[in-house]
2 protein chains.
Amino acid sequence: MNDTINLKVSHYQNCMNDENSCNNPCPIARSVSFAGDAWSLLILRDAHAGLTRFDQFRKSLGIAPTMLTRRLATLTEEGLLEKQRYSEHPPREEYLLTAAGRDFLPVLFMIGAWGRQYRGGGELVRFFDAETGTEIKAVAVDEVTGAKIGTRPIRMVAPGES
Amino acid sequence: MNDTINLKVSHYQNCMNDENSCNNPCPIARSVSFAGDAWSLLILRDAHAGLTRFDQFRKSLGIAPTMLTRRLATLTEEGLLEKQRYSEHPPREEYLLTAAGRDFLPVLFMIGAWGRQYRGGGELVRFFDAETGTEIKAVAVDEVTGAKIGTRPIRMVAPGES
(Lines give C-alpha, C1' and ligand atoms only; values in the text may rest on other atoms or scores of the structure.)
Protein backbone atom coordinates (compact mmCIF):
# COMPACT_ATOMS: atom_id res chain seq x y z
CA MET A 1 0.00 0.00 0.00
CA ASN A 2 1.42 3.34 -0.95
CA ASP A 3 -1.62 5.42 -0.39
CA THR A 4 -1.75 9.10 0.44
CA ILE A 5 -4.13 10.48 3.01
CA ASN A 6 -5.16 13.76 1.50
CA LEU A 7 -8.17 15.23 3.19
CA LYS A 8 -9.14 18.80 3.38
CA VAL A 9 -10.12 19.58 6.92
CA SER A 10 -12.69 21.87 5.32
CA HIS A 11 -14.58 18.77 4.20
CA TYR A 12 -15.53 18.31 7.81
CA GLN A 13 -16.01 21.97 8.38
CA ASN A 14 -18.69 22.15 5.72
CA CYS A 15 -20.99 21.03 8.48
CA MET A 16 -19.60 23.44 11.01
CA ASN A 17 -20.37 27.02 11.72
CA ASP A 18 -17.84 29.71 12.52
CA GLU A 19 -17.80 28.94 16.23
CA ASN A 20 -16.53 25.47 15.40
CA SER A 21 -19.66 23.98 16.82
CA CYS A 22 -21.44 21.77 14.39
CA ASN A 23 -24.85 21.04 13.01
CA ASN A 24 -23.76 17.47 12.61
CA PRO A 25 -25.50 15.52 15.37
CA CYS A 26 -22.73 12.93 15.57
CA PRO A 27 -20.20 13.51 18.36
CA ILE A 28 -17.61 11.45 16.49
CA ALA A 29 -17.89 13.62 13.37
CA ARG A 30 -17.31 16.67 15.54
CA SER A 31 -13.97 15.33 16.73
CA VAL A 32 -12.44 13.99 13.54
CA SER A 33 -10.82 17.24 12.42
CA PHE A 34 -7.91 16.39 14.74
CA ALA A 35 -8.77 12.90 16.05
CA GLY A 36 -8.77 11.64 12.47
CA ASP A 37 -5.21 12.76 11.91
CA ALA A 38 -2.40 10.35 12.59
CA TRP A 39 0.21 12.95 13.53
CA SER A 40 -2.16 14.68 15.93
CA LEU A 41 -2.82 11.40 17.73
CA LEU A 42 0.90 10.75 18.09
CA ILE A 43 1.58 14.30 19.29
CA LEU A 44 -1.14 13.88 21.93
CA ARG A 45 0.36 10.54 22.91
CA ASP A 46 3.76 12.16 23.35
CA ALA A 47 2.27 15.06 25.28
CA HIS A 48 0.74 12.53 27.68
CA ALA A 49 4.17 10.91 27.98
CA GLY A 50 5.52 14.25 29.18
CA LEU A 51 6.94 15.90 26.07
CA THR A 52 6.28 19.64 25.84
CA ARG A 53 8.82 21.18 23.47
CA PHE A 54 8.92 21.44 19.70
CA ASP A 55 12.28 19.67 19.40
CA GLN A 56 11.15 16.86 21.68
CA PHE A 57 8.12 16.16 19.49
CA ARG A 58 10.19 16.49 16.33
CA LYS A 59 12.77 13.98 17.51
CA SER A 60 10.23 11.55 18.91
CA LEU A 61 8.10 11.51 15.77
CA GLY A 62 10.62 12.14 13.00
CA ILE A 63 8.09 14.61 11.61
CA ALA A 64 8.96 17.47 9.26
CA PRO A 65 9.10 20.78 11.15
CA THR A 66 6.48 22.43 8.93
CA MET A 67 4.04 19.59 9.57
CA LEU A 68 4.72 19.65 13.28
CA THR A 69 4.18 23.42 13.39
CA ARG A 70 0.83 23.01 11.66
CA ARG A 71 -0.33 20.18 13.91
CA LEU A 72 0.68 21.99 17.10
CA ALA A 73 -1.19 25.08 15.87
CA THR A 74 -4.31 23.02 15.16
CA LEU A 75 -4.20 21.23 18.51
CA THR A 76 -3.77 24.61 20.21
CA GLU A 77 -6.66 26.18 18.26
CA GLU A 78 -8.79 23.14 19.03
CA GLY A 79 -8.07 23.61 22.73
CA LEU A 80 -6.17 20.39 23.46
CA LEU A 81 -2.79 22.05 23.95
CA GLU A 82 -1.87 25.48 25.26
CA LYS A 83 1.29 27.40 24.64
CA GLN A 84 3.29 28.61 27.59
CA ARG A 85 6.46 30.67 27.47
CA TYR A 86 9.27 29.06 29.39
CA SER A 87 12.09 31.42 28.39
CA GLU A 88 12.08 35.16 27.70
CA HIS A 89 15.61 35.47 26.28
CA PRO A 90 15.45 33.91 23.81
CA PRO A 91 11.65 33.69 23.67
CA ARG A 92 10.67 30.02 23.77
CA GLU A 93 7.36 28.31 24.23
CA GLU A 94 6.28 24.86 25.20
CA TYR A 95 3.00 23.03 24.70
CA LEU A 96 1.04 21.78 27.67
CA LEU A 97 -2.07 19.61 27.72
CA THR A 98 -5.29 21.40 28.62
CA ALA A 99 -8.14 19.66 30.46
CA ALA A 100 -9.58 18.72 27.04
CA GLY A 101 -6.20 17.32 26.05
CA ARG A 102 -5.87 15.35 29.27
CA ASP A 103 -9.37 13.99 28.79
CA PHE A 104 -8.31 12.61 25.42
CA LEU A 105 -6.21 9.96 27.18
CA PRO A 106 -9.04 7.37 27.23
CA VAL A 107 -9.26 7.57 23.43
CA LEU A 108 -5.53 6.92 23.15
CA PHE A 109 -5.74 4.01 25.57
CA MET A 110 -8.57 2.41 23.61
CA ILE A 111 -6.69 2.83 20.33
CA GLY A 112 -3.74 1.23 22.10
CA ALA A 113 -5.88 -1.62 23.42
CA TRP A 114 -7.11 -2.34 19.90
CA GLY A 115 -3.55 -2.20 18.54
CA ARG A 116 -2.35 -4.51 21.30
CA GLN A 117 -5.00 -7.04 20.32
CA TYR A 118 -4.81 -6.80 16.53
CA ARG A 119 -1.33 -5.40 15.78
CA GLY A 120 0.45 -7.01 18.67
CA GLY A 121 3.39 -8.89 17.15
CA GLY A 122 6.72 -8.36 18.89
CA GLU A 123 7.28 -6.38 22.02
CA LEU A 124 5.10 -3.50 23.06
CA VAL A 125 5.21 -0.71 25.56
CA ARG A 126 3.24 -1.67 28.67
CA PHE A 127 1.40 0.50 31.15
CA PHE A 128 1.10 -0.15 34.84
CA ASP A 129 -0.97 1.34 37.61
CA ALA A 130 1.74 3.08 39.62
CA GLU A 131 -0.09 2.46 42.90
CA THR A 132 -0.97 -1.20 42.61
CA GLY A 133 1.81 -2.20 40.22
CA THR A 134 -0.65 -4.17 38.08
CA GLU A 135 -0.65 -3.90 34.32
CA ILE A 136 -3.44 -1.73 32.98
CA LYS A 137 -6.06 -3.43 30.84
CA ALA A 138 -8.12 -0.68 29.30
CA VAL A 139 -11.75 -1.42 28.45
CA ALA A 140 -14.64 0.87 27.58
CA VAL A 141 -17.74 0.29 29.64
CA ASP A 142 -21.14 1.87 30.03
CA GLU A 143 -20.83 3.55 33.40
CA VAL A 144 -24.57 3.14 33.99
CA THR A 145 -24.91 -0.62 33.49
CA GLY A 146 -21.27 -1.64 33.84
CA ALA A 147 -21.49 -3.60 30.57
CA LYS A 148 -18.57 -3.48 28.17
CA ILE A 149 -19.31 -1.37 25.11
CA GLY A 150 -20.23 -3.69 22.25
CA THR A 151 -21.49 -6.59 24.37
CA ARG A 152 -25.14 -5.51 24.47
CA PRO A 153 -27.62 -4.21 21.88
CA ILE A 154 -27.53 -0.46 21.40
CA ARG A 155 -30.37 1.78 20.34
CA MET A 156 -29.39 4.98 18.52
CA VAL A 157 -31.68 7.99 18.82
CA ALA A 158 -31.22 10.94 16.49
CA PRO A 159 -32.22 14.45 17.62
CA GLY A 160 -35.97 14.79 17.34
CA GLU A 161 -36.61 11.08 17.64
CA SER A 162 -37.80 9.61 20.88
CA MET B 1 -8.49 27.25 9.56
CA ASN B 2 -8.14 26.00 6.04
CA ASP B 3 -5.51 23.40 6.62
CA THR B 4 -4.84 20.34 4.57
CA ILE B 5 -4.13 16.98 6.13
CA ASN B 6 -1.54 15.56 3.80
CA LEU B 7 0.21 12.55 5.27
CA LYS B 8 1.81 9.77 3.41
CA VAL B 9 0.73 6.54 5.02
CA SER B 10 4.21 5.34 4.14
CA HIS B 11 5.56 7.63 6.86
CA TYR B 12 4.10 5.23 9.36
CA GLN B 13 5.07 2.23 7.39
CA ASN B 14 8.72 3.13 7.54
CA CYS B 15 8.65 1.36 10.86
CA MET B 16 6.72 -1.60 9.54
CA ASN B 17 7.85 -4.73 7.85
CA ASP B 18 6.12 -6.42 4.96
CA GLU B 19 3.75 -8.40 7.17
CA ASN B 20 2.35 -5.12 8.44
CA SER B 21 3.61 -5.90 11.88
CA CYS B 22 5.79 -3.23 13.33
CA ASN B 23 9.02 -2.72 15.15
CA ASN B 24 7.47 0.28 16.82
CA PRO B 25 6.75 -0.74 20.42
CA CYS B 26 3.79 1.65 20.69
CA PRO B 27 0.39 0.02 20.11
CA ILE B 28 -1.10 3.39 19.18
CA ALA B 29 1.48 3.96 16.44
CA ARG B 30 0.61 0.58 15.01
CA SER B 31 -3.03 1.56 14.57
CA VAL B 32 -2.74 5.06 13.16
CA SER B 33 -2.50 4.05 9.50
CA PHE B 34 -6.30 3.82 9.48
CA ALA B 35 -7.31 5.08 12.94
CA GLY B 36 -5.60 8.37 12.16
CA ASP B 37 -7.75 8.95 9.12
CA ALA B 38 -10.98 10.86 9.48
CA TRP B 39 -12.85 9.16 6.65
CA SER B 40 -11.91 5.70 7.92
CA LEU B 41 -13.30 6.54 11.35
CA LEU B 42 -16.57 7.73 9.83
CA ILE B 43 -16.83 4.67 7.57
CA LEU B 44 -16.34 2.43 10.61
CA ARG B 45 -18.95 4.44 12.48
CA ASP B 46 -21.42 3.95 9.63
CA ALA B 47 -20.59 0.25 9.39
CA HIS B 48 -21.44 -0.08 13.07
CA ALA B 49 -24.71 1.74 12.37
CA GLY B 50 -25.53 -1.00 9.88
CA LEU B 51 -24.44 0.39 6.51
CA THR B 52 -22.81 -2.17 4.23
CA ARG B 53 -23.00 -0.91 0.64
CA PHE B 54 -20.86 1.51 -1.31
CA ASP B 55 -23.76 3.80 -2.16
CA GLN B 56 -24.94 3.85 1.45
CA PHE B 57 -21.53 5.02 2.66
CA ARG B 58 -21.24 7.50 -0.20
CA LYS B 59 -24.59 9.10 0.58
CA SER B 60 -24.06 9.11 4.33
CA LEU B 61 -20.64 10.72 4.13
CA GLY B 62 -20.83 12.87 1.01
CA ILE B 63 -17.43 11.46 0.13
CA ALA B 64 -15.99 11.35 -3.40
CA PRO B 65 -16.30 7.84 -4.87
CA THR B 66 -12.56 7.54 -5.52
CA MET B 67 -11.78 8.38 -1.90
CA LEU B 68 -14.41 6.00 -0.62
CA THR B 69 -13.05 3.21 -2.83
CA ARG B 70 -9.57 3.76 -1.45
CA ARG B 71 -10.71 3.86 2.17
CA LEU B 72 -12.82 0.71 1.82
CA ALA B 73 -9.84 -1.06 0.22
CA THR B 74 -7.57 0.00 3.08
CA LEU B 75 -10.04 -1.04 5.77
CA THR B 76 -10.45 -4.38 4.00
CA GLU B 77 -6.66 -4.89 3.69
CA GLU B 78 -6.27 -3.93 7.33
CA GLY B 79 -8.82 -6.57 8.28
CA LEU B 80 -11.57 -4.38 9.72
CA LEU B 81 -14.02 -4.95 6.87
CA GLU B 82 -14.56 -7.92 4.61
CA LYS B 83 -16.16 -7.96 1.20
CA GLN B 84 -19.07 -10.27 0.59
CA ARG B 85 -20.91 -10.76 -2.67
CA TYR B 86 -24.63 -10.21 -2.29
CA SER B 87 -25.62 -10.37 -5.96
CA GLU B 88 -24.22 -12.44 -8.81
CA HIS B 89 -26.09 -10.76 -11.69
CA PRO B 90 -24.98 -8.05 -11.68
CA PRO B 91 -21.97 -8.81 -9.44
CA ARG B 92 -22.26 -6.67 -6.32
CA GLU B 93 -20.39 -6.68 -3.04
CA GLU B 94 -21.04 -5.30 0.37
CA TYR B 95 -18.69 -4.58 3.26
CA LEU B 96 -19.19 -6.27 6.59
CA LEU B 97 -17.38 -5.67 9.86
CA THR B 98 -14.92 -8.36 10.89
CA ALA B 99 -14.22 -9.21 14.54
CA ALA B 100 -11.41 -6.62 14.44
CA GLY B 101 -13.84 -4.08 13.02
CA ARG B 102 -16.47 -4.86 15.63
CA ASP B 103 -13.83 -4.53 18.35
CA PHE B 104 -13.11 -1.01 17.15
CA LEU B 105 -16.45 0.16 18.56
CA PRO B 106 -14.97 1.12 21.97
CA VAL B 107 -12.58 3.51 20.23
CA LEU B 108 -15.49 5.14 18.40
CA PHE B 109 -17.48 5.42 21.62
CA MET B 110 -14.59 7.08 23.43
CA ILE B 111 -14.07 9.56 20.58
CA GLY B 112 -17.80 10.22 20.79
CA ALA B 113 -17.66 10.68 24.57
CA TRP B 114 -14.88 13.24 24.16
CA GLY B 115 -16.84 15.02 21.40
CA ARG B 116 -19.96 15.04 23.55
CA GLN B 117 -18.02 16.72 26.36
CA TYR B 118 -15.95 19.20 24.35
CA ARG B 119 -17.84 19.69 21.07
CA GLY B 120 -21.29 19.28 22.47
CA GLY B 121 -23.22 22.39 21.38
CA GLY B 122 -26.65 21.72 19.90
CA GLU B 123 -28.35 18.40 19.66
CA LEU B 124 -26.48 15.14 19.41
CA VAL B 125 -27.24 11.56 18.60
CA ARG B 126 -27.76 9.56 21.80
CA PHE B 127 -27.15 5.91 22.49
CA PHE B 128 -29.20 3.74 24.79
CA ASP B 129 -28.78 0.28 26.22
CA ALA B 130 -31.55 -1.56 24.40
CA GLU B 131 -32.18 -3.85 27.37
CA THR B 132 -32.31 -1.40 30.24
CA GLY B 133 -33.38 1.65 28.23
CA THR B 134 -30.78 3.78 30.01
CA GLU B 135 -28.56 6.19 28.10
CA ILE B 136 -25.05 4.86 27.61
CA LYS B 137 -22.26 6.80 29.29
CA ALA B 138 -19.02 5.42 27.87
CA VAL B 139 -15.93 5.54 30.08
CA ALA B 140 -12.57 3.81 29.77
CA VAL B 141 -11.49 1.94 32.87
CA ASP B 142 -8.65 -0.30 33.90
CA GLU B 143 -10.37 -3.65 34.12
CA VAL B 144 -7.91 -4.78 36.81
CA THR B 145 -8.36 -1.97 39.32
CA GLY B 146 -11.66 -0.55 38.11
CA ALA B 147 -10.15 2.95 38.09
CA LYS B 148 -11.02 5.29 35.24
CA ILE B 149 -8.13 5.76 32.83
CA GLY B 150 -6.41 9.02 33.65
CA THR B 151 -7.40 9.22 37.30
CA ARG B 152 -4.34 7.43 38.70
CA PRO B 153 -0.59 7.67 38.05
CA ILE B 154 0.62 5.47 35.22
CA ARG B 155 4.03 3.89 34.81
CA MET B 156 5.14 3.23 31.24
CA VAL B 157 7.56 0.37 30.64
CA ALA B 158 9.34 0.07 27.28
CA PRO B 159 10.41 -3.34 25.97
CA GLY B 160 13.59 -4.41 27.76
CA GLU B 161 12.91 -2.23 30.79
CA SER B 162 11.58 -3.77 33.95
Side-chain angles (χ1 to χ4, degrees), chain A residues 2-10 21 25-28 30-32 35-38 41 45 100 104-112 114-116 118-119 121 123-132 134 136-145 149-150 152-159, chain B residues 2-10 21 25-28 30-32 35-38 41 45 100 104-112 114-116 118-119 121 123-132 134 136-145 149-150 152-159:
Chain A
N2 194 11
D3 196 3
T4 300
I5 299 172
N6 195 331
L7 294 182
K8 279 200 165 294
V9 168
S10 57
S21 76
C26 172
I28 299 169
R30 294 188 185 191
S31 308
V32 291
D37 173 70
L41 294 177
R45 175 202 66 179
F104 202 73
L105 186 65
V107 177
L108 297 175
F109 257 88
M110 293 316 299
I111 294 173
W114 187 93
R116 204 173 291 276
Y118 289 104
R119 297 287 183 273
E123 289 194 287
L124 291 174
V125 170
R126 297 160 71 193
F127 298 95
F128 294 83
D129 184 299
E131 291 176 18
T132 62
T134 52
I136 294 172
K137 182 164 172 17
V139 293
V141 302
D142 174 4
E143 197 172 22
V144 179
T145 64
I149 299 294
R152 289 159 69 122
I154 293 167
R155 190 165 62 86
M156 185 170 82
V157 178
Chain B
N2 193 12
D3 196 3
T4 300
I5 298 172
N6 195 330
L7 292 183
K8 280 202 165 294
V9 169
S10 57
S21 78
C26 172
I28 299 169
R30 295 189 185 191
S31 308
V32 291
D37 173 71
L41 294 177
R45 174 201 66 178
F104 202 74
L105 187 63
V107 177
L108 297 175
F109 257 88
M110 294 316 299
I111 294 173
W114 187 94
R116 205 173 290 278
Y118 290 103
R119 299 287 183 273
E123 289 194 286
L124 290 175
V125 170
R126 298 159 71 194
F127 299 95
F128 293 83
D129 184 299
E131 292 175 17
T132 62
T134 51
I136 293 172
K137 182 164 174 12
V139 293
V141 303
D142 173 4
E143 196 172 24
V144 179
T145 63
I149 300 292
R152 289 159 69 123
I154 293 167
R155 191 165 61 87
M156 186 170 82
V157 177

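All values reported here derive from a predicted model rather than from experimental measurement. Letters A, B, ... are given to chains in the order of the sequence lines, protein chains preceding strands, and every chain is numbered from 1.
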Greatest number of non-hydrogen atom pairs under 4.5 angstrom with chain B, of A:Gly150, A:Ala100, A:Gly115, A:Ala140, falls to A:Ala100
If you tally heavy-atom pairs under 4.5 Å between each of B:Ile149, B:Val107, B:Val139 and chain A, the highest tally belongs to B:Val139
Tightest non-hydrogen contact, residues A:Trp114 and B:Ser31, listed as CE3-OG, 3.6 Å
Beyond-backbone contact of A:Pro27 with B:Arg119, side-chain heavy atoms, under 4.5 angstrom:
no
Under 4.5 Å between any side-chain heavy atoms of A:Glu131 and B:Thr145, yes or no?
no
Is there a side-chain contact between B:Val144 and A:Ile136 in this structure, where contact means two heavy atoms from C-beta onward sitting under 4.5 Å apart?
no
Select, from B:Lys137, B:Arg45, B:Met110, the one with the greatest count of heavy-atom pairs under 4.5 Å involving chain A.
B:Lys137
Please flag which part of A:Phe104 lies under 4.5 Å from any non-hydrogen atom of chain B: side chain, backbone, both or neither.
both
Contact between A:Cys26 and B:Leu124 at the side-chain level, heavy atoms closer than 4.5 Å - yes or no?
no
Any idea which of B:Ile154, B:Leu105, B:Thr134 has the most non-hydrogen atom pairs under 4.5 angstrom with chain A?
B:Ile154
Region of A:Leu41 that comes under 4.5 Å of a non-hydrogen atom in chain B
side chain
Checking heavy atoms, do the side chain of A:Arg126, its backbone, both or neither come under 4.5 Å from chain B?
both
A:Phe127 portion near chain B, given a 4.5 angstrom heavy-atom threshold
both
Taking the side chain from A:Asp142 and the backbone from B:Ala138, do they hold a donor-acceptor pair closer than 3.5 Å?
no
